[in-house]
**Student:** 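The structure follows.
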Amino acid sequence: MPRTLGLIGSGMIGSSVARLAIAAGLEVVLSNSRGPETLAELVAELGEGARAATPAEAARAADLVVAAIPLNAYGRLPAEALAGKTVLDTANYYPERDGHLAELDAGELTSSALIQRHLADSQVVKVFNTITPHQLFSLARPTGAPDRSALPIAGDDAAAKAETIRLLDVLGYDGVDIGPLADSWRSEPNTPVYIHPYLGETPAMNVEAFLRWTLQTPGVAVPAAQVGKLVEIAVRQPAGAARLPSDD
């Protein structure tokens, strides 16, 4: 198991992963695009075991790295510092936010395969992209708990995927291997496993209201068998049609 988890991007998903990691006894190195000094409040909240650094420093210090950034920022991931590392990609492609990317719109690549191409000397695993930040934290359960949820993962390297599943177990989740990065579309926006199963019935609302609403609901447990079924029935949709989850 990793002793140190690096976070590149410390927004809502990154912060939830960091909280779970600290609770599990891991060391956490946080970073973002604005500089370590902007993370002082989060580091203080997390307490002993957490520190802030630059993205390159976080990458070099970590046994495992979580890239919790918008897809349109993938080019800023420090490829040299991440060489040889397993990188957990949480990004989803939303053209309204990221701008249209022709290879993704045409289905020639998945978003994680695009990141893997940028990080040619790393092992990219897609994970944490199907669940909202509050539910990621609130649905975590110990190994063997009857209401334990699972998260889908995808990657091209078997050892990196096994490492990711071990991390998920420590953080409070089962992992369901859905195949290589070429199949990671099965957990992308507009698929059955994406967000809604972990929330239950979701009212229609705008982005801000949706985020506020997710903070008020504990979420719904989604076990590994259900994740497997949802992934299996997925039908590939045009990636360029993806919309932010509040409008789904």
Side-chain angles (χ1 to χ4, degrees), residues 9 11-14 16-17 66-72 74 88-98 101 104-105 107 109-115 124-140 148-155 161 164-165 168 171 173-207 209-211 213-215 217-248:
M12 292 185 290
I13 285 289
S16 289
V17 173
V66 178
I69 59 173
L71 182 63
N72 59 18
Y74 83 91
L88 309 187
D89 163 37
T90 76
N92 288 303
Y93 174 44
Y94 290 114
E96 63 188 277
R97 178 197 64 193
D98 301 315
L101 300 171
L104 304 191
D105 289 347
L109 286 178
T110 61
S111 60
S112 291
L114 183 67
I115 292 173
V124 172
V125 179
K126 192 173 193 74
V127 66
F128 299 126
N129 68 300
T130 59
I131 189 167
T132 41
H134 178 70
Q135 281 60 48
L136 176 58
F137 187 78
S138 66
L139 288 174
R148 199 181 212 214
S149 291
L151 297 172
I153 74 163
K161 288 195 285 188
T164 301
I165 288 174
L168 285 178
L171 298 185
Y173 287 87
D174 294 328
V176 176
D177 185 349
I178 68 172
L181 294 178
D183 288 342
S184 62
W185 63 265
R186 292 182 175 275
S187 70
E188 290 179 346
N190 298 335
T191 61
V193 78
Y194 184 72
I195 289 186
H196 293 295
Y198 301 93
L199 290 172
E201 187 174 349
T202 307
M205 62 191 89
N206 62 31
V207 176
F210 172 78
L211 291 173
W213 178 81
T214 64
L215 295 175
T217 181
V220 177
V222 185
Q226 184 179 351
V227 168
K229 291 177 182 177
L230 292 171
V231 167
E232 186 176 348
I233 65 172
V235 175
R236 195 166 193 177
Q237 304 291 330
R243 301 183 66 188
L244 290 168
S246 56
D247 296 323
D248 289 355

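This structure is a prediction, so every number in the text was calculated from the model and none was measured.
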**Student:** Is there a side-chain contact between Thr110 and Lys126 (heavy atoms, below 4.5 Å)?
**Tutor:** no
**Student:** Report the residues that fulfil side-chain contact (heavy atoms from CB on, under 4.5 Å) with Ile69, sequence neighbours left out, ordered by chain and then residue number.
**Tutor:**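 Once residues adjacent in sequence are excluded, the partners of Ile69 under the side-chain contact (heavy atoms from CB on, under 4.5 Å) criterion are Ile8, Ala73, Leu77.
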**Student:** Given side chain to side chain contact (heavy atoms under 4.5 Å, CB included), test Leu114 with Leu101 step by step and report yes or no.
**Tutor:** CA-CA 10 Å; Leu114 183 67; Leu101 300 171; 4.0 Å; yes
**Student:** My understanding is that only residues two or more places apart in sequence, or in another chain, count here; which of them pass side chain to side chain donor-acceptor pair (under 3.5 Å) with Ser149?
**Tutor:** none
**Student:** Ignoring hydrogens, what is the shortest heavy-atom contact between Ala154 and Ser184? Give both atom names and the distance.
**Tutor:** CB-CB, 3.7 Å
**Student:** Please name all residues satisfying side-chain contact (heavy atoms from CB on, under 4.5 Å) with Asp98, sequence neighbours left out, ordered by chain then number.
**Tutor:** Pro70, Leu71, Asn72, Tyr93, Tyr94
**Student:** Would you sort out whether Leu199 and Trp213 count as a side chain to side chain contact (heavy atoms under 4.5 Å, CB included), showing the intermediate values?
**Tutor:** CA-CA 10 Å; Leu199 290 172; Trp213 178 81; 4.0 Å; yes
**Student:** Would a 4.5 Å heavy-atom cut-off, applied to side chains only, mark Thr130 and Tyr198 as touching?
**Tutor:**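 Yes; the side chains approach each other to less than 4.5 Å.
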**Student:** What are the two closest non-hydrogen atoms of Gly155 and Leu181, and how far apart are they?
**Tutor:**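 In this case the closest contact between Gly155 and Leu181 is CA-CD2, 3.7 Å.
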**Student:** Looking at side-chain heavy atoms only, is the closest gap between Ser111 and Leu104 below 4.5 Å?
**Tutor:** yes
**Student:** Using a 4.5 Å cut-off on heavy atoms from C-beta on, say whether the side chain of Val227 contacts that of Leu151.
**Tutor:**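 Heavy-atom side-chain distance check fails, nothing below 4.5 Å.
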**Student:** As an exercise, state the distance from CG of Leu171 to OG1 of Thr164, rounded to the nearest 0.5 Å.
**Tutor:** 10.5 Å
**Student:** So do Glu188 and Asn190 actually touch side chain to side chain, heavy atoms under 4.5 Å?
**Tutor:**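 Contact flag for Asn190/Glu188 side chains = no.
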**Student:** If every non-hydrogen atom of Pro197 is compared with every non-hydrogen atom of Leu230, which pair is closest and at what distance?
**Tutor:**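 So the minimum-distance heavy-atom pair works out to CG-CD1, 3.7 Å.
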**Student:** Does the side chain of Lys229 come within less than 4.5 Å of Pro192's, by heavy atoms?
**Tutor:** no
**Student:** Is a side-chain donor or acceptor of Ser138 paired with a backbone partner of Pro218 at a separation under 3.5 angstrom?
**Tutor:**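 At least one qualifying donor-acceptor pair exists.
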**Student:** Could you measure the distance from the CD1 atom of Ile13 to the OG1 atom of Thr90? Nearest 0.5 Å is fine.
**Tutor:**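 Answer rounded to 0.5 Å: 6.5 Å.
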**Student:** Nearest heavy-atom pair of Thr191 and Arg186: which atoms, and what distance?
**Tutor:** OG1-O, 3.3 Å
**Student:** Using a 4.5 Å cut-off on heavy atoms from C-beta on, say whether the side chain of Gln135 contacts that of Thr214.
**Tutor:** yes
**Student:** Okay, side chain of Asn92, backbone of Asn129: is any donor-acceptor separation there less than 3.5 Å?
**Tutor:** yes
**Student:** Taking all heavy atoms of Tyr173 and all of Phe137, pick out the closest pair and write down the distance.
**Tutor:** OH-N, 4.4 Å
**Student:** Can you find a heavy atom in the side chain of Leu168 that is under 4.5 Å from one in the side chain of Val127?
**Tutor:** yes
**Student:** Which heavy atom of Ser16 sits nearest a heavy atom of Pro133, and at what distance?
**Tutor:** OG-O, 2.9 Å
